[in-house]
**Student:** 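Provided herewith is a single structure, encoded as structure tokens, for subsequent inquiry.
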Amino acid sequence: LALPLALLAPPAPAATVLKPPRPVEQMKLTDQHGAPLTADRLAGRWTVLFFGFTQCPDVCPTTLARLAGVQRRLPEAIRPKVRFMLVSVDPMRDTPERLAEYVRQFGQDFVGATAPLGELAPLLKELGVSYAYTAQDIGEHAGHEAHAGHAMPAYTVTHSETLYVLDPRVRLHAVFTDPKDDYALLRDLSTWAGDAKLNR
């Protein structure tokens, strides 16, 4: 009996795992409390990075809500070993205070971080994060009140949906190009964070 090829082919991997993991050298951010966020502070836990911005109308809130769901479903013993972090690609508008207000909607343990563009750009380049600023007519800009009375032009930011997973030694361990695959992310994070060899 012939089976459809789709049933015979192995499932495509949800994540691209780097072997060996790649050290991240350009981690120089500020968290939502205004404190420096460097590799030393991230060491010891798995970190899931998502690059977006607080005025994003769709992709960012949807993705962060999915990550909040994954966080809730992690096994209780694994949950403290994994953190989820939004890194803003809109540092001109996303102050630490604004990030704090935004990320708390998704859970008390969510981290918000950003940096002046000159300090943020090396990290974006190192990880291969795609982003672009696009000017908007002020009448179309949902967040125009954020710059009312200031000289800031109306713009939006386009960016990738990719998730970047750092291991406890702050090395790039895996990349998820499809953040909608909640099951794969939950499965892989549970496996990695529960593997003693990977947590050394």
Side-chain angles (χ1 to χ4, degrees), residues 14-18 22 24-32 37-39 42 46-71 82-107 110-138 140-147 152-166 170-182 184-185 188-189:
T16 299
V17 177
L18 282 71
R22 193 176 76 203
V24 177
E25 307 288 349
Q26 302 294 334
M27 187 65 64
K28 187 179 179 183
L29 303 169
T30 300
D31 71 14
Q32 74 267 37
L37 186 59
T38 61
L42 294 180
W46 291 82
T47 303
V48 180
L49 298 177
F50 174 67
F51 292 83
F53 64 116
T54 65
Q55 294 191 40
C56 177
D58 40 36
V59 172
C60 298
T62 300
T63 300
L64 291 172
R66 289 179 177 275
L67 294 181
V70 170
Q71 183 184 49
V82 182
R83 70 164 64 82
F84 295 86
M85 187 162 77
L86 166 67
V87 180
S88 173
V89 291
D90 187 10
M92 290 74 74
R93 293 181 297 201
D94 285 344
T95 62
E97 294 78 13
R98 186 173 183 86
L99 279 169
E101 180 181 356
Y102 187 74
V103 297
R104 75 166 61 105
Q105 301 175 65
F106 303 99
F110 267 69
V111 177
T114 191
L117 193 55
E119 298 176 9
L120 181 62
L123 175 64
L124 301 179
K125 181 178 180 181
E126 182 178 24
L127 294 179
V129 179
S130 62
Y131 67 103
Y133 300 100
T134 305
Q136 283 186 313
D137 179 82
I138 192 168
E140 300 174 356
H141 184 53
H144 66 84
E145 71 280 355
H147 63 265
M152 185 180 295
Y155 65 92
T156 189
V157 189
T158 55
H159 57 89
S160 67
E161 302 178 39
T162 301
L163 303 175
Y164 302 84
V165 181
L166 309 184
V170 200
R171 301 175 300 179
L172 183 60
H173 177 82
V175 176
F176 284 84
T177 55
D178 181 8
K180 301 178 186 65
D181 195 341
D182 300 357
L185 181 62
D188 290 346
L189 286 175

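When a residue number appears, it is its place in the shown sequence, counting from 1. When reading the values below, keep in mind they use all heavy atoms of this one structure, side chains included, and skip hydrogens, waters and symmetry mates.
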**Student:** Quick one, Phe51 with Tyr164, criterion ring-ring contact (aromatic ring centres under 6.0 Å, His included). Give me CA distance, side-chain angles, the key distance, then yes/no.
**Tutor:** CA-CA 9 Å; Phe51 292 83; Tyr164 302 84; 5.6 Å; yes
**Student:** Tell me the closest heavy-atom pair linking Val59 and Glu161, and the distance in Å.
**Tutor:**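 Val59 and Glu161 have their closest heavy atoms at CG1-CG, 3.5 Å.
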**Student:** Determine, stepwise, if the pair Cys56 / Asp58 fulfils side chain to side chain contact (heavy atoms under 4.5 Å, CB included).
**Tutor:** CA-CA 6 Å; Cys56 177; Asp58 40 36; 4.1 Å; yes
**Student:** Calculate, to the nearest 0.5 Å, the distance between atoms NE2 and OG1 belonging to His173 and Thr47 respectively.
**Tutor:**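 His173 NE2 to Thr47 OG1: 12.5 Å, rounded to 0.5 Å.
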**Student:** I need the minimum non-hydrogen distance between Pro91 and Ala115, along with the two atoms involved.
**Tutor:**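 Heavy-atom minimum between the residues: CB-O, 3.0 Å.
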**Student:** Does the pair Val89 and Leu124 meet the rule for a side chain to side chain contact (heavy atoms under 4.5 Å, CB included), with working shown?
**Tutor:** CA-CA 9 Å; Val89 291; Leu124 301 179; 4.1 Å; yes
**Student:** Roughly how far, to the nearest 0.5 Å, is CG of Leu29 from CE of Met85?
**Tutor:**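 So the gap between those two atoms works out to 6.0 Å.
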**Student:** Go through the steps to decide whether Arg83 and Leu42 satisfy the test side chain to side chain contact (heavy atoms under 4.5 Å, CB included), and finish with yes or no.
**Tutor:** CA-CA 9 Å; Arg83 70 164 64 82; Leu42 294 180; 3.5 Å; yes
**Student:** To check you understand the geometry: which heavy-atom pair defines the closest contact between Gly112 and Leu99, and what is its length?
**Tutor:**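 Answer, listing the atom of Gly112 first, then Leu99: C-CD1, 4.1 Å.
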**Student:** Taking side chain as C-beta onward, heavy atoms only, is Leu163 less than 4.5 Å from Leu185?
**Tutor:**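 Heavy-atom side-chain distance check passes, below 4.5 Å.
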**Student:** Going by heavy atoms in the side chains, are Leu37 and Met27 under 4.5 Å from each other?
**Tutor:**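 Of all side-chain heavy-atom pairs linking Met27 with Leu37, none is under 4.5 Å.
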**Student:** Would one find more than 12 heavy atoms of other residues, nucleotides or ligands at under 6.0 Å from atom CD of Glu119?
**Tutor:**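 Yes - once you tally the heavy atoms of other residues, nucleotides and ligands closer than 6.0 Å, there are more than 12.
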**Student:** Look up atom CD in Gln55 and atom OG in Ser88, then write down how far apart they are to the nearest 0.5 Å.
**Tutor:**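 Answer rounded to 0.5 Å: 9.5 Å.
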**Student:** If you define the side chain from C-beta out and look only at heavy atoms, does anything of Val111 sit under 4.5 Å from Leu86?
**Tutor:**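 The answer is no; the side chains never approach within 4.5 Å.
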**Student:** Just checking, any donor-acceptor pair under 3.5 angstrom between side chains of Thr114 and Asp94?
**Tutor:**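 Note: Thr114 and Asp94 side chains miss the donor-acceptor criterion.
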**Student:** With heavy-atom distances below 4.5 Å as the criterion, would you say the side chains of Pro61 and Thr63 are in contact?
**Tutor:**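 With C-beta onward as the side chain, the pair stays apart.
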**Student:** Is there side-chain contact between Thr16 and Thr177, with at least one heavy-atom pair below 4.5 Å?
**Tutor:**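 Sidechains of Thr177 and Thr16: no contact.
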**Student:** Over all heavy atoms of both residues, which pair between Thr30 and Pro96 is shortest? Give the atoms and the distance, please.
**Tutor:**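 Minimum heavy-atom separation between Thr30 and Pro96: CG2-CG, 4.4 Å.
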**Student:** Sub-3.5 Å donor-acceptor pair from the side chain of Glu126 to the main-chain atoms of Gln26, do we have one?
**Tutor:**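 Checked: pair present.
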**Student:** Answer yes or no: is there a side-chain heavy-atom contact under 4.5 Å between Thr134 and Val157?
**Tutor:**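 Side chain of Thr134 against side chain of Val157, heavy atoms only: no contact under 4.5 Å found.
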**Student:** Check step by step if side chain to side chain contact (heavy atoms under 4.5 Å, CB included) holds for Leu67 and Phe106.
**Tutor:** CA-CA 8 Å; Leu67 294 181; Phe106 303 99; over 6 Å; no
**Student:** Hey, what do you get for CG (Leu189) to CH2 (Trp46), rounding to the nearest 0.5 Å?
**Tutor:**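 Answer for the CG-CH2 pair, Leu189 versus Trp46, is 8.5 Å.
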**Student:** Could you check whether the rings of Tyr131 and Tyr133 sit parallel, tilted or perpendicular, using 30° and 60° as the cut-offs?
**Tutor:**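 Tyr131 and Tyr133: perpendicular rings.
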**Student:** For a 4.5 angstrom cut-off between non-hydrogen side-chain atoms, does Gln32 reach Val103?
**Tutor:**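 A side-chain contact under 4.5 Å exists here.
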**Student:** Nearest 0.5 Å, what's the CG-CZ distance between Asp188 and Phe176?
**Tutor:**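 The distance works out to 4.5 Å.
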**Student:** Looking at Arg93 and Thr54, would you say the former's side chain and the latter's main chain have a donor-acceptor pair under 3.5 Å?
**Tutor:**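 Side chain of Arg93 to backbone of Thr54: no pair is present.
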**Student:** Using 30° and 60° as the class limits, which term best fits the ring planes of Phe110 and Phe84: parallel, tilted or perpendicular?
**Tutor:**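 Phe110 vs Phe84 ring planes: parallel.
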**Student:** Could you measure the distance from the CZ atom of Arg66 to the CG atom of Leu64? Nearest 0.5 Å is fine.
**Tutor:**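 With rounding to 0.5 Å, CZ (Arg66) is 11.5 Å from CG (Leu64).
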**Student:** Any heavy-atom pair between the side chains of Leu166 and Leu172 that's under 4.5 Å?
**Tutor:**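 Side chain of Leu172 against side chain of Leu166, heavy atoms only: contact under 4.5 Å found.
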